[in-house]
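Please read the structure below before turning to the comments.
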Protein chains: 4
Amino acid sequence: MNWNPTPYPWPDGYRAAACFTVDVDATAPWLWQHRDKIPSGIAALEHRQYGMRQGLARMVAMLDRLNIPGSFFVPGIVAKDNPDLLPGLIERGHEIGLHGFYHEIVSETSDAQFTDALETSIELFVAQTGARPAGFRSPAWEMTPHMLSELRRHGLWDSSLMGHDLPYQIDGVTELPVRWDNDDAIFFKFLGAGDRPPRSEAEICARWTHEARAQIRDGGLFMLTVHDWISGRAARVELLSDLFEPLCADETVWVTTCGEIARHHLSVGGLEVTSQTVTPINERTGHE
Amino acid sequence: MNWNPTPYPWPDGYRAAACFTVDVDATAPWLWQHRDKIPSGIAALEHRQYGMRQGLARMVAMLDRLNIPGSFFVPGIVAKDNPDLLPGLIERGHEIGLHGFYHEIVSETSDAQFTDALETSIELFVAQTGARPAGFRSPAWEMTPHMLSELRRHGLWDSSLMGHDLPYQIDGVTELPVRWDNDDAIFFKFLGAGDRPPRSEAEICARWTHEARAQIRDGGLFMLTVHDWISGRAARVELLSDLFEPLCADETVWVTTCGEIARHHLSVGGLEVTSQTVTPINERTGHE
Amino acid sequence: MNWNPTPYPWPDGYRAAACFTVDVDATAPWLWQHRDKIPSGIAALEHRQYGMRQGLARMVAMLDRLNIPGSFFVPGIVAKDNPDLLPGLIERGHEIGLHGFYHEIVSETSDAQFTDALETSIELFVAQTGARPAGFRSPAWEMTPHMLSELRRHGLWDSSLMGHDLPYQIDGVTELPVRWDNDDAIFFKFLGAGDRPPRSEAEICARWTHEARAQIRDGGLFMLTVHDWISGRAARVELLSDLFEPLCADETVWVTTCGEIARHHLSVGGLEVTSQTVTPINERTGHE
Amino acid sequence: MNWNPTPYPWPDGYRAAACFTVDVDATAPWLWQHRDKIPSGIAALEHRQYGMRQGLARMVAMLDRLNIPGSFFVPGIVAKDNPDLLPGLIERGHEIGLHGFYHEIVSETSDAQFTDALETSIELFVAQTGARPAGFRSPAWEMTPHMLSELRRHGLWDSSLMGHDLPYQIDGVTELPVRWDNDDAIFFKFLGAGDRPPRSEAEICARWTHEARAQIRDGGLFMLTVHDWISGRAARVELLSDLFEPLCADETVWVTTCGEIARHHLSVGGLEVTSQTVTPINERTGHE
C-alpha cells in the first residue's frame, strides 16, 4: 500500500493532462460480429456508417477549432475502406493509432490471429501514411499477456487498461489508462432492441466535466474516449466542445496526444507492474 | 471522407427542418408477437388500446393547436380496426404513411410476406382515403435490399434508416433519416417485468430540445418519432407541445411533413448510397 | 376515434381526482416465488419484512398527518400473518382491498386457483374486519376474462388495468386504471444482482408531481401505487408527503379512495369496453 | 404492527448516527468467480487492482482529513496479499471487520466452507494485527441461519441485512442494517459489456445526501457502503467528502464505526427477530 503517493511529474509546469481520443470503429465491429454470415437487415450497418459520412468530419472540425490534437485509433479495415482517412487526420495534426484489423474481440481471437491482425494493420498504416504507428488500443479494452508481449516486441505503447489514473508500465509496455466511465459507448450506443436507452448528453457531459476537474485537482490524466458514429452527432459534438474548451483554456493542463504522454513517461518511470500469473483458488492448497 | 460538407439547400430561406411523426402502432405489435396464440392475460392489450381511446386524440389536438402538420405511420390492421382514423387525420391536415400491415418484424418476415403486407396496406389506404400513400416507415426501423427495391417499385419514400442527418438516397429511394435517440419508445415504453423503467419526461424533453437546437444550428433535420399509446398521456403531450412551440416560432425552421421534405429533396440531389453487398470476413481471402 | 372527448363529471365541483394506494405485498411475492422450495438465504425475506416492522407505520402516519384516506391492497397471507394490520388500517380511516392470497402471479395460476384465492381472501377479510371488501387489485396488474367474470360475480370493482386515464367499465366491472409510470416498484425495487439499480427519489417524485399536475389540468385521475417495504423508507415517505401536500391543498382535486371513485362512477356511466376475443393472425384468412 | 414506534436511544445526546463503511473487495470476487479456471484476459483484474494501487489510499486520506473513523471489511485473501493493509488501517484509527476469505458467494458455498473461511480469516487477522475482529459483513449481503449461528458462536456482530433502519438482534446476533440504496457498487460498478452503465456521481451523491438527512430527521442510522476500486476515483472521493462533511459538522449526529454502535446496542435492547423457518406454500395444507 502506498499510503502517501507523490505527485506525477508532468512536464513544463503542467500539473495534469487530458487526452481526446477517438476509437474510429465504424462498421468494423459489425463485420466482426457477422464474420460468418451477413444478415439481411441493413439498419445497423447504415447507422454505423454515419461517422464516415458525417460524424467524424464534424468532430475533427471541432478539434481543429479548439486546436486540440486528438488520438484516433483506427481498425485496419476502416482505414482500408476509407483510404483518405489516415492521411486526412495526419494532415490536420492528429495522431493515429492501431485498433485491430477487424476490431477483433479478444476472447474470440487466437494469439496467432492477434499477431496477424497487428502486423497487417501496421503494414497498412505504413503504406497509407509512410510511417509506423507508435501506439495501440485494444478493441473493447481487453488485453492478454500475449498481446502485451507483442506490443513490447513492436515497441508500441498501449491505451486499454484501468489499473491506475496515471501512466504506468505493465510487462514493460507503457500504459496510458482508460476508464469505462469516460467512454461514450457505454452511455450512448444504441442499435435497437436489447441495448440500453442512451443517457442524456447534458448529464454525461456534466459528469465528464466533473471527472475532468477532479482529475486535474488530483494531478492526474483525464482520458476521454469517443466513437465516430456515436458522438459525431451535432448535439454531442457541441457538448464535447464545451467539455474541452475550459481544459484548453487552463494553462496548467497539458491537452495532448497519447503518444506525447507515452514519450514523456519513458523519462519519468513510476509504477511498474506485471500481468500476474494467478493460480485458480480450486487448485490452491488451503488458503494460500 | 467529406471533410468540409456544404450546407443542405432547404427551400424558402429556411436553414433547418423539423418533423413530428407518429408511429400509430396500437395493438399491432402485440398481434404480431402473439400471431400463433393469444395469451389469456389482457393487461398489455388494454394498455396498448389507450392511444385509440384517448391518447391519439389528445396528441392530434395539440398538433392542431400549434398548427403543426404531423406525419402518421399506420399499420394496415390499425387503420382497418379504426376506420375513421385515416380519414380523421387527413381531414385535420396531417399526412399518413405506411407502416406494415401487422407491424411485421423484418427478421421474422419473408420477402413475399413483406410485399403482400405492403400491397394490402396500400389497397386499404386507397379504399379508406381515396388516395395512394406516398411514404413508408419500417416497423422497428429495419430494412432490407428487397424492401428498398419494393419501395422504389411503388415510388415510395422511406423514413427508417440512420445513415445521415439529412435526406439522402439509398438504392434510389429517398430516405428521411430517423434516430433512436429521438424516439419515445426506447425511453418510455413499459409493458411489465423485463422492460426498462421509463425515464423522466422532463429529462427526455430537455434532451430532445437540446438535440433539436443543435440540429438546427447545424442546418439539419430534427425528426421526432412518438407513439399513440406511449406519448398520448397528458404530461407527455404537454412536453411535446413545449418542445415544438419554439420550433414553430422560429421562422428559420421548416416544420413540415416527411412527404414535403421528400418532395423537396428530389429537386436537390445530394448523397446517394447503395445498400452494400458485404462478404463475410471468414469468406474473404486474407485481409481484403 | 373520439376526437373531441367531453370532460369527466367529477362530483361536488371537483375537476380531477387523486388516489394514494398501497400494495402491501410484504413477503407474499417471495413466498409465491419459492412455493416449491425455500432457499437457505434470508436476505430478501428480511428485506421484505421492513414494511411490517417499520415502513408501513411511517407511511400511515404520513397519510394521517395529511388527512388522506389511502387504499391498501393486502394479500390474504399478509393479513393472516399480521392480524392487526387490516383492523388498524380501518381504524385509521383507510380503505382495504383484495390483492390475491399469496400474490399469485396470473400466468402461473389456474382459473380455479384464482377463484379459490379470491374466496379465501374474502372470508379472511370478513373474519378480521366484519365486512366484505369492495375492491380488488391484481398481483402484478395482469387480468384475464375469467378474473373479470369472478369480480363481476362478487360485485367487486377493479384497479389493475391501463386502458384509459379515467374510470371505465370492462366486462361490466368498474375499472379504476393504474399506470406503471405511477408505481414505485419499477423505479425503486431492488433485491440484489440482476435487479435494476433504484432511481433517485427526487427524480421520480418530480416526475410524479409533473404527472399529477398534467392529469389534473386534463381533468383526469392521478392514481399512485406504492409498496410497504419499498416506499416506507424515511426519504421516500418525505417525498410522498411533498407530492400529495399540494394535491390536498387544491380544492379542485378530489383526494379520495378507489372505493369512493368506484361508487361515484356507477352513477356516471362513460366508456364501456369488453375484453376482446382475438383471433391469432396465423389463424386468420388473409388480412381480415 | 408497531403503529407508533418510540425513538431509538442514541447515546450522549445524539439523535441519529452515520457510518462510513468500505468493503475492500479488490480482486477477491474475481478470484472466486474464476476459482476453477483463470481467463486469459486481464482487463478486469487490472481494473480491480486500482484500489490497492491508488483508490484506497485516497479514500483513507479523505477520512483522515474529516476525522471520520471508517469500518473496513476485508476478505482474507486481500489482507494476505497486502500485508500492510490491516495494520495501516488500524494505525490510522479505523476499524477492520471480516468479509469472507475469497469473498465467497453464499449460494455457492457450503456451511463447512463458510465456517472454514471465517476461522481462517480470523486467524489471519489475529496474526496480522494481534487482535480478534469484532464484526462481520457477508459478501454480497446474503446470510443463512448457519452463518448467523456461527457469528453468534464467535461473538461477532453482523452488518449484512436490511430488515430495519436501526440496529436489531437476529438469532441473537447484533445486526447493523445495510441498504442496497446506500451502496456504491449497484450504481457505479462497471466491468464491461453486460454491466449497467454507471450513474452520475452528482446524482447519487445528492440521493445519499437526501437519504442521510431524512434518516437523521427520523432518528435513524445512515449506513454508507463503498468499495476500494470503485469509489476510490478522484471525483467520487470528493463527493463522498461533500456527503460526510455536513454530517460531521452536525453535533446531533454520531459519526462512528459499526463496532461502536454494536457495543452501544447491547445496552439498549430493542427489536429481536429470528430467521424464520418457512414452509413452502405447496407443502402447506390449504391456506394455512
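The shown structure was predicted, so the numbers you read here are calculated from the model rather than taken from an experiment. All chains are named by letter (A, B, ...) in the order of the sequence lines, taking the proteins before the strands, and each is independently numbered beginning at 1. Any value given below was found using the heavy atoms of this structure, including those in side chains, with hydrogens, waters and symmetry copies removed.
Considering only heavy-atom pairs separated by less than 4.5 Å from chain B, the leading option among A:M52, A:R236, A:R233, A:R48 is A:R233. Across B:D181, B:I204, B:N4, B:T277, the residue that shares the most heavy-atom pairs under 4.5 angstrom with chain A is B:D181. Chosen from B:H164, B:E211, B:H210, the residue pairing most often with chain A at heavy-atom distances under 4.5 Å is B:H164. Annotation: maximal heavy-atom pairing with chain A below 4.5 Å, among B:E203, B:R199, B:R196, occurs at B:R196. Of the residues considered (A:S200, A:A57, A:G51, A:G41), A:S200 shows the highest number of contacts with chain B, using heavy-atom pairs under 4.5 Å. Heavy-atom pairs under 4.5 Å with chain B were tallied for A:N82, A:L191, A:L124; the largest tally goes to A:L191.
The two residues A:I38 and B:V278 come nearest to each other via the heavy atoms CG1-O, 3.4 Å. When every heavy atom of B:M162 is checked against every heavy atom of A:Y50, the shortest pair comes out as O-CB, 4.0 Å. Considering every non-hydrogen atom in both B:L161 and A:E46, the closest pair reads CD1-CG, 4.1 Å. When all heavy atoms are compared, the tightest approach of B:Q215 to A:A234 is OE1-CB, 3.4 Å. Nearest heavy-atom pair, A:L89 versus B:W3, reported as atom, atom and distance to 0.1 Å: CD2-CH2, 3.9 Å.
Residue A:W229: no heavy atom, backbone or side chain, is found under 4.5 Å from chain B. Only the side chain of A:L239 comes within contact range of chain B, judged by heavy atoms closer than 4.5 Å. Residue A:H47 touches chain B through both its backbone and its side chain, counting heavy-atom pairs closer than 4.5 Å. With a threshold of 4.5 angstrom between heavy atoms, B:W141 approaches chain A through N, CA, C or O but not through any side-chain atom.
The pair B:D218-A:R58 meets the salt-bridge criterion, since a charged nitrogen lies less than 4.0 angstrom from a carboxylate oxygen. A salt bridge between A:E238 and B:R217 is present, with a side-chain N of the basic residue lying under 4.0 Å from a carboxylate O of the acidic one.
Within a 6.0 Å sphere centred on CZ of B:R152, other residues, nucleotides and ligands contribute more than 12 heavy atoms. Within a 6.0 Å radius of CG in B:N282, more than 12 heavy atoms belonging to other residues, nucleotides or ligands are found. Enclosure of atom CZ in B:R35 by more than 12 non-hydrogen atoms of other residues, nucleotides or ligands within 6.0 angstrom is indicated.
Here OG1 of B:T279 is found 10.0 Å from CG of A:L31. Values are rounded to the nearest 0.5 Å. Rounding to the nearest 0.5 Å gives a distance of 5.0 Å between CZ of B:R284 and CD1 of A:I77.
The only option from B:L148, B:T144, B:V106 that meets the side-chain contact (heavy atoms from CB on, under 4.5 Å) definition with A:I42 turns out to be B:L148.
With a 4.5 Å cut-off on side-chain heavy atoms, B:P280 and A:D36 do not count as touching. Contact check for A:P198 versus B:I186: side-chain heavy atoms found under the 4.5 Å cut-off. Here the side chains of A:Q54 and B:L271 are not in contact, with every heavy-atom distance at 4.5 Å or above.
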